Amino acid sequence: MPNPRRSAHVDPKLLEILVCPVTRQTLEYDREAGELISRAAGLAYPVREGVPVMLPEEARQLDG
C-alpha cells in the first residue's frame with residue numbers, strides 16, 4: 001500500500017504564495033517527507049493528498 005505522504009505533490013504556484021501561519025515566513029517543501037517546513041517556527045506542516053494542512057495544531061515539531 002503506497003504511503004500517501006510520500007506521494008503528495010504540491011503545485012509549485014501554491015508554494016510561491018504559502019507562508020507559515022505562525023511566523024508569516026516562507027516555507028520549504030520536503031517532497032520525501034510530504035511536509036512543508038517552517039524553519040522559523042520549527043514546524044513541519046503535513047501535505048495530505050496534495051493539500052497542505054496549515055494548522056499549527058496539525059504540525060509536528062522539528063527536531064533540533
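This is a predicted model, so every value here is computed, not measured.
- Follow the hydrophobic side-chain contacts under 4.5 Å out from V19 and you never reach L62; the two are in separate clusters.
- The residue from L14, L18, V53 that alone fulfils the side-chain contact (heavy atoms from CB on, under 4.5 Å) condition with L36 is L18.
- Contact record, A40 with Q25: CB-CG, 3.7 Å, taken as the closest heavy-atom pair.
- If you take SG on C20 and CZ on R39, they are separated by 12.5 Å, rounding to the nearest 0.5 Å.
- Using a 4.5 Å heavy-atom threshold, the side chains of R31 and V10 count as separate.
- Using a 4.0 Å cut-off between a side-chain N of Lys or Arg and a carboxylate O of Asp or Glu, R48 and E58 qualify as a salt bridge.
- Of all non-hydrogen atoms in T23 and A41, the two that sit nearest each other are CG2-CB, 3.7 Å.
- When every heavy atom of P21 is checked against every heavy atom of Y45, the shortest pair comes out as CD-OH, 3.4 Å.
- In the hydrophobic clustering of ILVMFWY residues, with side-chain heavy atoms under 4.5 Å counting as a link, V51 and L43 come out apart.
- Cluster membership check: L55 does not share its hydrophobic cluster with I17, using side-chain heavy-atom separations under 4.5 Å among Ile, Leu, Val, Met, Phe, Trp and Tyr.
- Of the inter-residue distances, the one linking T26 atom OG1 with I37 atom CD1 reads 12.0 Å to the nearest 0.5 angstrom.
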For this session: Evaluate the side-chain contact (heavy atoms from CB on, under 4.5 Å) criterion for residues E28 and L15: first the C-alpha distance (whole Å), next the side-chain angles of each, then the deciding distance (0.1 Å), finally the verdict.
Result: CA-CA 8 Å; E28 300 170 30; L15 288 175; over 6 Å; no
